[in-house]
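Only one structure is covered here, and it is reproduced in the block below.
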Number of protein chains: 2
Amino acid sequence: MTKKTTEKQRLRAPSKRSIASRSRILDAAETVFARDGFEGAKVRDIAALAEVPLGLVNHHGGSKEALFREVVERRAEELARLRLEALAQAKGQGALDLTAILGCFFRPYLAKAAGSDPQWLAYARLVAMVSADPAWADISTDLFDPTAQRFMDEICALHPKVSRAVVAEGFVYSVAALLAFLTSEWRIAALASQSDAQASVEGLVAFCAAGCAARIAQAET
Amino acid sequence: MTKKTTEKQRLRAPSKRSIASRSRILDAAETVFARDGFEGAKVRDIAALAEVPLGLVNHHGGSKEALFREVVERRAEELARLRLEALAQAKGQGALDLTAILGCFFRPYLAKAAGSDPQWLAYARLVAMVSADPAWADISTDLFDPTAQRFMDEICALHPKVSRAVVAEGFVYSVAALLAFLTSEWRIAALASQSDAQASVEGLVAFCAAGCAARIAQAET
DNA sequence: GCTTATTTTGAACAATGGTTCAATTTAAGA
DNA sequence: TCTTAAATTGAACCATTGTTCAAAATAAGC
């Protein structure tokens with residue numbers, strides 16, 4: 001399924017104002033979708049947050065579903081690139097262990113989420129939604145799985161004896177923990193009954209690396 | 001916030017037919033909520049699945065939100081009881097390690113989900129929804145957190161040196177992995193590119209126990 | 001069996017929300 | 001500057017959906 005089967009050719013370049021509107025709409029959509037979910041999000045809320053008339057949202061984003069897909073796609077490519085770059089660079093510096101591999105997968109995302117652009121935090125919730133809902137399985141297949149496969153290749157190379165299913169299992173658990181890290185600080189703080197509970201990236205990586213290692217060791221016996 | 005501030009007293013016992021209708025409606029609501037999410041679920045779909053007229057859903061379940069809460073509450077108490085019983089029984093058989101504690105938390109749920117009642121699998125998706133969405137934080141606080149605290153107490157007793165925040169961190173990651181196990185078999189199978197990928201309970205427990213242990217060890221140094 | 005609280009039914013209501021559209025404004029291309 | 005494609009605006013459309021209601025059917029309590 002290609003992106004657009006009917007590619008209407010443009011006769012003119014988009015104006016600066018049009019580009020700005022489109023960007024504001026996508027940002028607003030990202031925020032509202034992340035906050036309310038796909039069904040819960042209202043196009044009118046997106047329009048209000050973007051401070052544009054209602055009709056303009058459909059004009060730029062198409063249908064609500066098309067808008068959602070575009071919002072998810074927008075950062076997926078950059079994220080995949082950053083992850084693969086981190087992996088390539090780490091490989092250039094010597095042999096990789098499990099911690100290093102997972103670190104290359106986690107850190108680019110976490111760096112963005114902790115960085116200056118607050119939209120990346122909203123994006124994390126979007127990814128969590130897509131990853132959890134079978135209704136969006138095609139998005140996962142197209143945008144996220146290729147990169148995941150690449151990282152799983154590295155882990156499989158480290159442990160040639162174990163089946164890919166075992167590695168996939170550990171990887172899915174690790175991604176679940178990553179998304180929990182990004183979206184459940186309120187949860188951790190509530191359980192720790194102290195507001196200064198600050199989960200660390202190192203803690204997350206340590207958890208997942210040890211978990212994967214144990215799962216793999218279990219399968220190797 | 002108590003359950004019902006205006007408790008209208010009953011003058012008659014509910015009829016057998018009424019009890020059956022109510023049960024069918026709750027089962028149908030559980031299935032539809034799990035499949036479509038809270039916003040995506042339609043009261044009409046619930047009525048259709050339960051094979052009752054539309055109005056009867058509101059009559060028995062109250063508002064859509066009240067119905068959702070009741071569906072979540074319905075199994076929460078039984079689940080909490082099973083978990084605490086498993087923990088008590090395991091404690092009676094000697095000192096507990098991390099694997100045993102997590103096993104007591106995971107197994108009752110997994111046994112139910114794998115058991116005869118298919119509704120428990122739908123319930124797993126409901127719990128995942130509630131756990132992930134801050135909008136339902138009050139449900140988590142009321143229904144799930146007390147049991148989680150009890151299990152975290154055991155882990156804390158095992159490692160007196162580490163802060164509760166570290167334990168909470170590992171616990172949240174573990175629950176995330178549990179929910180991924182219950183709701184993401186399609187995901188694991190897709191990544192493993194083999195349909196016979198069968199994640200095991202032992203694999204999940206091994207992953208989480210080792211992960212928590214590593215996170216705690218990291219904090220103890 | 002009688003009474004009436006409760007349940008059931010089907011319909012209607014009112015609000016919501018995604019989408020469409022014609023008219024207007026803007027600015028790109030020549 | 002002139003032409004017109006593209007963007008913007010505000011309104012309307014219409015299917016959807018949660019909720020309510022009055023009348024009819026049912027069955028619990030005496």
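Below, chain A is the first sequence line, B the second, and so on; all start at residue 1. Since the model is a prediction, treat every value here as computed from it, not as a measurement.
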Self-check item: Pair B:Arg164 + B:Asp153: basic N to acidic O under 4.0 Å
Solution: yes
Quiz item: Looking at side-chain heavy atoms only, is the closest gap between A:Cys212 and A:Ile155 below 4.5 Å?
Solution: no
Quiz item: Is the shortest side-chain N to carboxylate O distance from A:Asp36 to A:Arg125 below 4.0 Å?
Solution: no
Quiz item: Between C:dT8 and B:Ser21, is there an OP1 or OP2 to side-chain N/O distance shorter than 4.0 Å?
Solution: yes
Quiz item: Distance check: side-chain N/O of A:Ser18 vs OP1/OP2 of D:dA6, anything under 4.0 Å?
Solution: no
Quiz prompt | Listed partners of B:Tyr123 passing ring pair (Phe, Tyr, Trp, His ring centres under 6.0 Å), at least two apart | solution = B:Trp120
Extract from the structure each pairing of a protein N or O with an N or O of nucleotides 18-25 of chain C at less than 3.5 Å, listing the distance.
unit_1: C:dG18; atom_1: OP1; unit_2: A:Ala41; atom_2: O; d: 3.1
unit_1: C:dG18; atom_1: OP1; unit_2: A:Lys64; atom_2: NZ; d: 3.0
unit_1: C:dG18; atom_1: OP2; unit_2: A:Val43; atom_2: N; d: 2.8
unit_1: C:dG18; atom_1: N7; unit_2: A:Arg44; atom_2: NH1; d: 2.6
unit_1: C:dG18; atom_1: O6; unit_2: A:Arg44; atom_2: NH2; d: 2.8
unit_1: C:dT19; atom_1: OP2; unit_2: A:Lys64; atom_2: N; d: 2.9

Quiz item: For D:dT8, does either OP1 or OP2 sit under 4.0 Å from a side-chain N or O belonging to A:His60?
Solution: yes
Quiz item: Separation of B:Arg24 atom CZ from C:dT8 atom C1', in whole Å?
Solution: 13 Å
Self-check item: All pairs passing salt bridge (charged side-chain N to carboxylate O under 4.0 Å, His left out) where residues 47-67 of chain A contributes a residue, at least two apart
Solution: A:Arg24-A:Glu51, A:Glu65-A:Arg69
Practice problem: For A:Phe68, enumerate each residue passing the ring pair (Phe, Tyr, Trp, His ring centres under 6.0 Å) test, keeping only those at least two apart in sequence or located in another chain. | Solution: A:Phe33, A:Phe38, A:Trp136
Quiz item: Whole-Å distance between C:dT8 P and B:Glu51 CD?
Solution: 14 Å
Practice problem: Could you encode protein contacts along nucleotides 22-30 of chain D as a string, one character per nucleotide from 5' to 3', using B for base contact, S for sugar-phosphate-only contact and - for no contact, with a heavy-atom cut-off of under 4.0 Å? | Solution: -----BBS-
Quiz item: Does a side-chain N or O from B:Arg22 land closer than 4.0 Å to OP1 or OP2 of C:dT8, or not?
Solution: no
Quiz item: Separation of A:Asp45 atom CG from C:dT16 atom P, in whole Å?
Solution: 12 Å
Quiz item: What residue pairs, at least two apart or across chains, pass salt bridge (charged side-chain N to carboxylate O under 4.0 Å, His left out) with a residue in residues 102-115 of chain B?
Solution: B:Glu78-B:Lys112, B:Arg107-B:Glu202
Practice problem: Please work out whether the ring planes of B:Tyr173 and A:Phe207 are parallel, tilted or perpendicular, with thresholds of 30° and 60°. | Solution: perpendicular
